[in-house]
Novice: 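Okay, handing you the structure first.
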Amino acid sequence: MTRTREDTPAESSGAPGFSVRRGDTGTVLQFEAGRIGAEIRVRVLVVSALMLLPIALCTYLALVLGTIHVSAAELWEVLRGDGGKALNKVVLEWRFPRAAVAIILGAALGLSGAIFQSLTRNPLGSPDIVGFNNGAYVGVIAVTIAGFSGLVWTSIGAVIGGLATAFVVYALAFRRGVQGFRFIIVGIAVSAMLGSLNTWFSIVADLDVAMEVAVWGAGSLLGTTWNTVAIAAAVIGALVVCLFVAGRWMPYLELGDDVAKVLGLPVERAKAILIVLGVALTAVATAVAGPIMFVALAAPQIARLLCRTGDSVTLLGSAAIGAAIVPAADLIAQHAFSDSDLPVGAVTVCIGGIYLVWLLAREARKG
C-alpha cells in the first residue's frame with residue numbers, strides 16, 4: 001500500500017479501475033474508483049496467499065487432534081452434516097470456534113502491531129511494548145472487581161483501559177507533535193507502572209476474582225464459543241473497514257512529519273485516528289482471550305522481511321502472518337505437553353522473548 005517515487009505507470013491490467021505500476025520496489029497493483037484508491041505490491045499478495053497454507057494446516061490439526069482423535073474421513077462427515085452427535089459437539093462446538101477465533105485475533109494483533117510500528121518507524125513500536133496491552137488488562141480487572149462479567153463488559157473494560165492508556169502516553173509524549181522514539185520510551189514507562197498496578201489489583205482482590213483474572217491474564221482460548229467468534233469477527237471487521245480508509249495515511253507518515261505536512265496530510269489527526277484503531281484492535285483481542293504477547297511485535301517484522309518492503313510495514317502481510325502465528329502457538333499450547341493444556345499466551349511469550357532478544361541484538365548492530 002506504499003506509494004514510491006520509483007513506481008512508474010506501466011500498462012493497464014485491462015479491468016476498469018485497475019492499473020499496474022513497475023519500479024524498483026516491485027510490481028504494484030493499483031485500484032482507483034472515484035476518490036477511493038488503493039495500492040498493493042504483488043509480492044505482498046503472494047506472501048499473504050501462501051500464508052493460507054499454514055493457516056489451513058493448523059486449522060485441520062486443531063480439529064482432528066486431541067483426547068478424542070478425529071480421522072480425516074470423520075471430519076469430512078462432520079463438515080457435511082453427517083457426523084454423529086458426539087463428534088459434532090467435539091468438532092463444531094469445542095474445537096472449531098477456538099481455531100476460528102485464533103485466526104481472527106492473530107490477524108487483529110498483526111494489524112495493530114503494523115499500525116504502531118509504522119507510526120513510530122521503529123520495530124519496537126508494538127502495543128505489547130508501549131503498554132496498551134497492560135492498559136486493556138487494567139480495564140478488564142477493574143470491571144471484574146466491580147462485579148461485572150461476560151464478554152461485553154470485558155470488552156468495554158479492555159477498550160476503555162487501552163484508550164485511556166493511549167491518551168496518557170500520547171499526552172506525555174507530545175512535544176510539538178509525537179515522535180516515535182519518545183512515544184516508545186514513554187510507553188515503556190507507563191507499561192511498567194500499569195504492570196505494578198495489575199499486581200496490586202491481584203493482591204487486594206477477592207481470591208475468586210484474583211484466580212479468574214489470573215487465568216484470563218495468561219492469554220487462553222479455552223472455552224471459546226461461536227458467540228465469541230461472531231462478536232470478535234463483527235467488531236474487528238468494522239475496525240478493519242475503518243483501517244482500509246485510514247491506512248492510506250501510513251505510507252506518508254513513514255516519510256516523516258514534515259514531508260507528510262507538505263503533502264497536505266493532517267498529521268496529528270491522522271496519528272490520533274490510527275492510534276485509536278490500533279488500540280481498539282489490541283483491546284478486542286485482549287478482551288476475548290487475555291493478553292497474547294509478542295504477536296503484534298513479531299508479525300509486522302516477519303511480514304516486512306518476507307514481502308521485502310524495506311523499512312515499510314504492510315497491513316495485509318502483517319495480518320496474514322499474525323493469523324498464522326496464533327493458531328500455530330495454540331496448537332503447541334494444546335499438544336506439546338500431553339498432560340496439560342497451556343494458555344496460548346504462555347507459548348507466545350516464550351517464542352516472543354527469544355525473538356525480542358534477537359531483534360534488540362540486530363538493532364544494536366545496525367546502530
Side-chain angles (χ1 to χ4, degrees), residues 101 104-120 124-146 148-174 178 183-184 186-199 201-202 213 216-219 228 231-232 234-240 242-243 246 271-297 299-300 318-319 322 326 345 348:
V101 85
I104 295 170
L105 299 189
L109 292 170
L111 288 171
S112 180
I115 291 172
F116 287 110
Q117 291 182 23
S118 175
L119 288 177
T120 60
L124 292 176
S126 165
D128 320 272
I129 303 299
V130 297
F132 300 146
N133 274 13
N134 276 343
Y137 195 172
V138 169
V140 171
I141 291 177
V143 298
T144 303
I145 291 178
F148 300 101
S149 60
L151 180 59
V152 173
W153 282 109
T154 301
S155 301
I156 292 173
V159 171
I160 292 175
L163 290 178
T165 303
F167 176 80
V168 171
V169 173
Y170 188 91
L172 293 176
F174 190 90
V178 175
F183 188 83
I184 292 173
V186 171
I188 291 173
V190 172
S191 178
M193 295 173 60
L194 291 174
S196 300
L197 184 60
N198 289 337
T199 303
F201 272 147
S202 299
V213 170
W216 173 87
T228 305
I231 294 174
V235 176
I236 291 172
L239 293 172
V240 169
C242 296
L243 184 57
K271 287 182 179 180
I273 292 173
L274 287 168
I275 287 173
V276 169
L277 290 174
V279 170
L281 286 166
T282 296
V284 172
T286 304
V288 171
I292 302 178
M293 306 295 287
F294 291 111
V295 176
L297 176 70
S318 300
V326 175
T348 59

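Residue indices begin at 1 and follow the sequence shown. For clarity, every value in this text was computed on a predicted model and none was experimentally measured.
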Novice: Closest approach of Ser318 and Ala114, non-hydrogen atoms and distance?
Specialist: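 Looks like OG-CB, 3.5 Å.
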
Novice: Out of curiosity, Asn134 CG to Met293 CE, how far, rounded to the nearest 0.5 Å?
Specialist: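 Interatomic distance, Asn134 CG to Met293 CE, rounded to 0.5 Å: 6.0 Å.
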
Novice: Once ring-ring contact (aromatic ring centres under 6.0 Å, His included) is applied, do any residues pair with Tyr137, and if so which ones, sequence neighbours excluded?
Specialist: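 Scan of Tyr137 (ring-ring contact (aromatic ring centres under 6.0 Å, His included), adjacent residues dropped) gives Trp216.
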
Novice: Using side chain to side chain contact (heavy atoms under 4.5 Å, CB included), reason through Leu119 and Ile275 one step at a time and then give a plain yes or no.
Specialist: CA-CA 8 Å; Leu119 288 177; Ile275 287 173; 3.6 Å; yes

Novice: Shortest non-hydrogen contact from Ala136 to Ala283?
Specialist: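 Ala136 and Ala283 have their closest heavy atoms at CB-CA, 4.3 Å.
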
Novice: Taking all non-hydrogen atoms of both residues, which atom of Leu274 and which atom of Ile115 are closest, and how far apart?
Specialist: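 So the two residues come closest at O-CG2, 3.4 Å.
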
Novice: On a heavy-atom basis, which atom in Val295 and which in Pro300 lie closest, and how many Å separate them?
Specialist: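 Result for this residue pair: O-CD, 4.2 Å.
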
Novice: For Ile145 and Phe201, which heavy atoms make the closest approach, and how far apart are they?
Specialist: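 Heavy atoms of Ile145 and Phe201 come nearest at CD1-CD2, 3.8 Å.
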
Novice: Report the distance from atom OG of Ser112 to atom CG of Leu277, rounding to the nearest 0.5 Å.
Specialist: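 Output value for this atom pair is 9.5 Å.
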
Novice: Checking side chain to side chain contact (heavy atoms under 4.5 Å, CB included) against Leu109, which of Ile292, Asp128, Leu281 comes through?
Specialist: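 Running side chain to side chain contact (heavy atoms under 4.5 Å, CB included) over Ile292, Asp128, Leu281 with Leu109 returns exactly one hit, Ile292.
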
Novice: Can a donor-acceptor pair be found, under 3.5 Å and without considering hydrogens, that links the side chain of Gln117 to the backbone of Ser126?
Specialist: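 Checked: no pair found.
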
Novice: Would you compute the distance between atom CD1 of Ile273 and atom SG of Cys242 and round it to the nearest 0.5 angstrom?
Specialist: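 Rounded to the nearest 0.5 Å, the CD1-SG separation comes out at 9.5 Å.
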
Novice: Measure across Ala287 and Thr154 and return the closest heavy-atom pair with its distance rounded to 0.1 Å.
Specialist: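 So the two residues come closest at O-CG2, 3.3 Å.
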
Novice: Are the side chain of Ser191 and the backbone of Gly187 linked by a donor-acceptor contact shorter than 3.5 Å?
Specialist: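 Here the side-chain-to-backbone pair does not exist.
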
Novice: So how far is it from Asn133 CG to Phe294 CZ, rounded to the nearest 0.5 Å?
Specialist: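 Result: 10.0 Å between the selected atoms.
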
Novice: For Phe167, give me all partners under ring-ring contact (aromatic ring centres under 6.0 Å, His included), at least two apart in sequence or on another chain.
Specialist: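 None.
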
Novice: Evaluate the side-chain proximity of Ile129 to Ile188: yes if any heavy-atom separation is below 4.5 Å, no if none is.
Specialist: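 Answer yes - side chains close enough.
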
Novice: Thr165: what forms a side chain to side chain contact (heavy atoms under 4.5 Å, CB included) with it, not counting sequence neighbours?
Specialist: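 If we apply the side chain to side chain contact (heavy atoms under 4.5 Å, CB included) test to Thr165, skipping adjacent residues, the hits are Phe132, Val169, Val190, Leu194.
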
Novice: How many angstroms lie between atom CE of Met193 and atom CG of Asn198, to the nearest 0.5 angstrom?
Specialist: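 Reported value, rounded in 0.5 Å steps: 12.0 Å.
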
Novice: Without swapping roles, check the side chain of Thr120 against the backbone of Phe116 for a donor-acceptor pair under 3.5 Å.
Specialist: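 Yes; judged by distance alone, with no hydrogens or angles, the pair exists.
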
Novice: Would you give the length of the straight line joining atom CD1 of Ile231 to atom CD1 of Ile104, rounded to the nearest 0.5 angstrom?
Specialist: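 The CD1 atom of Ile231 sits 11.5 Å away from the CD1 atom of Ile104.
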
